[in-house]
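Please read the structure below before turning to the comments.
Predicted model, so just to flag it, every value in this text is computed and none were measured. If you read the sequence from its start, that first residue is 1, and numbering goes on from there.
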Amino acid sequence: MTPGAFAVVATTREVLDAPGLGPHLLAPWERRRLAAIRVPARADDVLAARLLLRLGAARATGRPPAEVGLAQRCPDCGRTGHGRPYLPAHPRLGVSVSHADGLVAAAVAPGPVGVDVEPAARRPGPLRVLRRVLPGPDLHEALAAPDQGLALLRAWVRAEARFKAGRPPPEDVHLQEWTDHRRAAVVAVATTAVSPTVEPVVLAPAALLGGPAPAGAP
């Protein structure tokens with residue numbers, strides 16, 4: 001069992017190539033949703049993300065991955081089966097997951113948490129959408145940066161992570177953002193003041209997937 005907050009970033013291939021992992025670890029409702037995805041690459045991303053999240057939850061709770069009891073609930077409609085993931089048996093433990101074009105990320109914390117990952121080459125837009133999504137100061141700072149596109153991407157992942165954490169008040173949220181150069185990914189994690197360990201530890205994928213960590217990991 002791992003206390004505190006932690007995050008893991010991996011490629012979809014790293015997860016799906018790990019021994020012993022596959023759809024058999026998912027709950028029946030998760031497998032039904034996976035089967036409905038018609039784009040193979042997207043289905044792989046979703047499967048890898050769910051597996052990585054299960055492994056993270058297993059590490060935090062001490063339960064086998066197939067028994068961690070992940071569920072989802074939509075904060076807008078209140079229905080289960082979609083929306084924010086949570087652990088019914090561990091209501092104080094926050095979990096979050098993200099996937100994008102061959103990249104996956106998962107985060108676990110003793111309180112609300114949100115994680116977002118995007119390919120470093122992606123550029124968000126258009127500007128009219130960014131104005132609705134990004135906080136004003138973040139948007140203005142990004143537009144004034146020498147590399148405007150990269151700055152906007154970083155602001156985007158921070159905003160997504162904050163949203164997934166439940167939009168806590170600015171004074172209660174801690175944002176950690178970094179670039180995973182090995183996987184060409186930009187990542188952000190949002191935790192809150194209720195977390196005893198405010199800043200998540202970034203684990204190498206091998207910490208969850210098994211096997212030796214490569215030189216320079218994560």
Review point. For Val8, which of Leu209, Leu55, Leu208 qualifies under side chain to side chain contact (heavy atoms under 4.5 Å, CB included)?
Key: Leu208
Point to revise | Side chain to side chain, Val104 and Arg50, heavy atoms closer than 4.5 Å | key: no
Check your understanding: Donor-acceptor pair, Arg123 side chain versus Ala120 backbone, under 3.5 Å?
Key -> yes
Check your understanding: Is the number of heavy atoms from other residues, nucleotides or ligands under 6.0 Å of Arg42 CZ greater than 12?
Key -> no
Check your understanding: Does a side-chain N-to-carboxylate-O contact under 4.0 Å join Arg54 and Glu30?
Key -> yes
Revision key, fill the gap. In terms of heavy-atom contacts, Ala188 and Ala161 come closest through O-CB, 3.6 Å
Exercise for review: Treating Ile, Leu, Val, Met, Phe, Trp and Tyr as nodes and any side-chain heavy-atom pair under 4.5 angstrom as an edge, say whether Val201 and Val95 lie in one connected cluster.
Suggested key: yes
Point to revise | Partner set under salt bridge (charged side-chain N to carboxylate O under 4.0 Å, His left out) for Glu141, not counting sequence neighbours | key: none
Check your understanding: For the residue pair Gly69 and Pro88, what are the closest heavy atoms and their distance?
Key -> O-CD, 3.0 Å
Point to revise | Pairwise side-chain contact, Leu134 with Arg158, heavy-atom cut-off 4.5 Å (strictly under) | key: no
Check your understanding: Shortest non-hydrogen contact from Ala49 to Ser98?
Key -> CB-O, 4.1 Å
Review point. What is the distance from atom CD of Glu160 to atom CD of Glu118, rounded to the nearest 0.5 Å?
Key: 7.5 Å
Check your understanding: If you round to the nearest 0.5 Å, how far is CG of Leu150 from CD of Gln148?
Key -> 11.0 Å
Review point. Taking atom NE2 of His99 and atom CG of Leu53, what is their separation to the nearest 0.5 Å?
Key: 11.0 Å
Check your understanding: Mind checking whether Ile37 and Leu70 sit in one hydrophobic cluster, side chains of I, L, V, M, F, W, Y counted as touching below 4.5 Å?
Key -> yes
Review point. Can you tell me how far the CG atom of Leu26 sits from the CG atom of Leu47, to the nearest 0.5 Å?
Key: 6.0 Å
Review point. For Ala207, does its backbone N or O pair with a side-chain atom of Arg59 as donor and acceptor, under 3.5 Å?
Key: yes
Review point. When hydrophobic residues are tied together by side-chain contacts of less than 4.5 Å, even through go-betweens, does Leu143 share a cluster with Trp156?
Key: yes
Check your understanding: Between Arg183 and Pro205, what is the shortest heavy-atom contact and its length?
Key -> NH2-CG, 3.3 Å
Practice item. Check which hydrophobic residues are tied to Val113 through side-chain heavy-atom contacts below 4.5 Å, counting indirect links as well, and list them. Key: Val9, Leu103, Val115, Val117, Trp178, Val187, Val189, Val202
**Study point:** For Asp116, all residues meeting salt bridge (charged side-chain N to carboxylate O under 4.0 Å, His left out), sequence neighbours excluded
**Key:** Lys164
Check your understanding: Do Leu203 and Leu93 share a hydrophobic cluster, counting only Ile, Leu, Val, Met, Phe, Trp and Tyr and linking them when any side-chain heavy atoms are less than 4.5 Å apart?
Key -> yes
Exercise for review: Group every Ile, Leu, Val, Met, Phe, Trp and Tyr by side-chain heavy-atom contacts under 4.5 Å, then state whether Val15 and Leu34 land in the same group.
Suggested key: yes
Review point. Taking the side chain as C-beta and beyond, is there a heavy-atom pair between Arg131 and Leu139 under 4.5 Å?
Key: yes
Exercise for review: Would you give the length of the straight line joining atom CZ of Arg31 to atom CG of Leu25, rounded to the nearest 0.5 angstrom?
Suggested key: 9.0 Å
Review point. Minimum heavy-atom separation for Thr191 to Pro200, with atom names?
Key: CG2-CG, 3.7 Å
Exercise for review: Using modelled atom types only, decide if a donor and an acceptor are shared between the side chain of Arg162 and the backbone of Ala190 within a distance under 3.5 Å.
Suggested key: no
Check your understanding: To the nearest 0.5 Å, how far apart are CG in Leu51 and OG1 in Thr12?
Key -> 10.5 Å
Check your understanding: What closest approach, in Å, do Gly149 and Pro124 show between heavy atoms, and which atom pair accounts for it?
Key -> O-CD, 4.1 Å
